[in-house]
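Below is one structure; the comments refer to it alone.
As a basis for the values below, the full set of heavy atoms in this structure was taken, side chains included, without hydrogen atoms, waters or symmetry mates.
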Amino acid sequence: MQFHTVPGSSAISGQPKRRLRSTGPPMADPHQLFDDTSSGFVSQHGVYSNQGTAGPNNSGQSFFADPMSNLAMAYGSSLAVQGKEMMDQHMDRFIPVSKLKYYFAVDTVYVGKKLGLLVFPYMHQDWEVQYKQDTPVAPRFDINAPDLYIPAMAFITYILVAGLALGTQDRFSPEILGMQASSAFAWLIVEVLAILLALYLVTVNTDLTMVDLFAFSGYKYVGMIVGVVSGLLFGRTGYYLMLSWCCIANVVFMIRTLRLKILSEAAAEGVVVHVARNQLRMYLTMAIAAAQPIFMFWLTFHLVR
């Protein structure tokens, strides 16, 4: 055995000095009743710690816990996907929710041009809807395509303008404004259902959907807003003048738009249509267009005094 002498020590020469401390496990306190497991403890099978060092028992628990959690997550995600598919199938029977994105694919340029077309449609020549691989292009690429953005925003704006008009006349109340909104929406639904019934009775095989009819019928709210705002600024004279202009513009817009969907449907399919039935379709188109000014006047005349 070899001994080392520490320089500068006052120990007697030749006497063995203190050895280096061994790295073995620390001795437990004989007065301690339980082992301290806050930082880790020693076992004959290995070291167990609360900071992620797992022995045989913890590894077994993680082996059984992870597959169960993964299985539960996979089962829950599959249920969510199946529920979404079932909901989409039932909703598509009444409203094609999956196709609504098409009607809101607009931009600022399209909205500006469409509003100009609704107010002044007389100089517009090409009313055909553009198609790409038998699918109509998005409204932002075709001004003739129907959209739901303008009708929805126009309906909300009409309710706000109606509240403003009632407020200037000291007739505003939340109940009256709610009745105004519900009445306008109810008349819109009645109009669309009446058009669908008329198309069914006349046996028109057209690609017009319920969403298309809501879009075309909702464009009249733009002229209603113009009429009410003119009435607030210039009185009843301004209201009648601007509403009359917007009514005529809306009739022209509806005739030139719907005639391509109703009158030209049989010609596009190469089917010879009887003259009487063709005239009946023409009368139906005229009736739909003529009904727009009636609704526009009925929903706005009481707002201007």
Side-chain angles (χ1 to χ4, degrees), residues 95 100 103-122 124 139-140 143 146-195 210-254 257 288-305:
I95 300 176
L100 287 181
Y103 295 94
F104 288 93
V106 300
D107 55 9
T108 307
V109 177
Y110 168 82
V111 172
K113 292 182 178 180
K114 194 75 170 189
L115 292 177
L117 181 62
L118 293 173
V119 178
F120 196 81
Y122 310 105
H124 191 63
R140 65 175 177 268
I143 193 176
D147 72 283
L148 285 178
Y149 177 80
I150 292 178
M153 294 298 104
F155 180 83
I156 297 174
T157 307
Y158 160 72
I159 301 302
L160 297 177
V161 172
L164 177 62
L166 294 174
T168 57
Q169 302 169 15
D170 296 331
R171 296 189 296 140
F172 176 81
S173 67
E175 293 79 10
I176 294 179
L177 190 62
M179 291 178 60
Q180 186 75 23
S182 59
S183 176
F185 189 69
W187 279 114
L188 181 63
I189 294 177
V190 170
E191 178 185 356
V192 172
L193 293 179
I195 295 174
M210 181 182 293
V211 183
D212 293 334
L213 295 178
F214 270 108
F216 291 131
S217 300
Y219 287 138
K220 62 175 171 287
Y221 291 107
V222 176
M224 293 163 58
I225 295 171
V226 174
V228 175
V229 172
S230 300
L232 294 177
L233 296 177
F234 306 107
R236 297 191 68 85
T237 303
Y239 163 75
Y240 283 115
L241 288 177
M242 294 306 300
L243 186 67
S244 300
W245 175 274
C246 293
C247 287
I248 297 173
N250 191 269
V251 169
V252 173
F253 173 82
M254 292 292 287
T257 301
I288 296 173
Q292 304 305 309
I294 298 176
F295 287 110
M296 295 172 68
F297 177 76
W298 177 257
L299 295 174
T300 56
F301 79 97
H302 62 282
L303 300 175
V304 179
R305 291 185 177 180

message: Determine whether a donor-acceptor pair (N or O, by modelled atom type, separation under 3.5 Å) exists between the side chain of S182 and the backbone of M179.
response: yes
statement: Residue set satisfying side chain to side chain contact (heavy atoms under 4.5 Å, CB included) with H124, at least two apart, ordered chain then number -> L117, W127, I143, N144
- request: Using ring pair (Phe, Tyr, Trp, His ring centres under 6.0 Å) as the criterion, list what pairs up with F155, not counting sequence neighbours.
  value: Y221
message: Once rounded to the nearest 0.5 Å, what's the spacing between atom CG of L299 and atom CD of Q180?
response: 7.0 Å
field: Pairs touching residues 237-247 that satisfy side chain to side chain donor-acceptor pair (under 3.5 Å), sequence neighbours left out
entry: R236-Y240, Y239-T300
- request: Could you grab the distance from atom CG of L164 to atom OG1 of T157, nearest 0.5 Å is fine?
  value: 12.0 Å
- request: Locate the shortest heavy-atom distance separating S217 from E191; write the atom from each residue and the value.
  value: OG-OE2, 3.3 Å
Nearest non-hydrogen partners of I294 and A290, listed with the distance: CG1-O, 3.8 Å
Anything under 3.5 Å between a donor and an acceptor, one on a side chain of residues 147-154, the other on a protein residue two or more places apart or in another chain? List them.
{"residue": "D147", "atom": "OD1", "partner": "Y110", "partner atom": "OH", "Å": "2.7"}
{"residue": "D147", "atom": "OD1", "partner": "Y219", "partner atom": "OH", "Å": "2.6"}
{"residue": "D147", "atom": "OD2", "partner": "Y149", "partner atom": "N", "Å": "3.1"}
{"residue": "D147", "atom": "OD2", "partner": "I150", "partner atom": "N", "Å": "2.9"}

task: Mind running side chain to side chain contact (heavy atoms under 4.5 Å, CB included) on L303 and L166 for me, showing each step along the way?
output: CA-CA 6 Å; L303 300 175; L166 294 174; 4.0 Å; yes
- prompt: In Å and rounded to the nearest 0.5 Å, what is the CD1 to CE distance from I225 to M296?
  reply: 10.0 Å
- request: Evaluate whether atom CZ of F185 has more than 12 neighbouring non-hydrogen atoms of other residues, nucleotides or ligands under 6.0 angstrom away.
  value: no
statement: Residues passing the side chain to side chain contact (heavy atoms under 4.5 Å, CB included) test with M254, sequence neighbours excluded, are F216, N250, L258, I288, A289, Q292
message: Listing request: all side chain to side chain donor-acceptor pair (under 3.5 Å) pairs with a residue in residues 165-174, at least two apart in sequence or in separate chains.
response: Q169-R171
- prompt: Just wondering, do K220 and L188 contact through their side chains at under 4.5 Å, heavy atoms?
  reply: yes
- request: Report yes if the side chains of L241 and S230 come closer than 4.5 Å at any heavy-atom pair, otherwise no.
  value: no
field: P139 to P146 - nearest heavy-atom pair and separation
entry: CG-O, 3.7 Å
task: State, with a plain yes or no, whether a side-chain heavy atom of W187 is found less than 4.5 Å away from one of W298.
output: yes
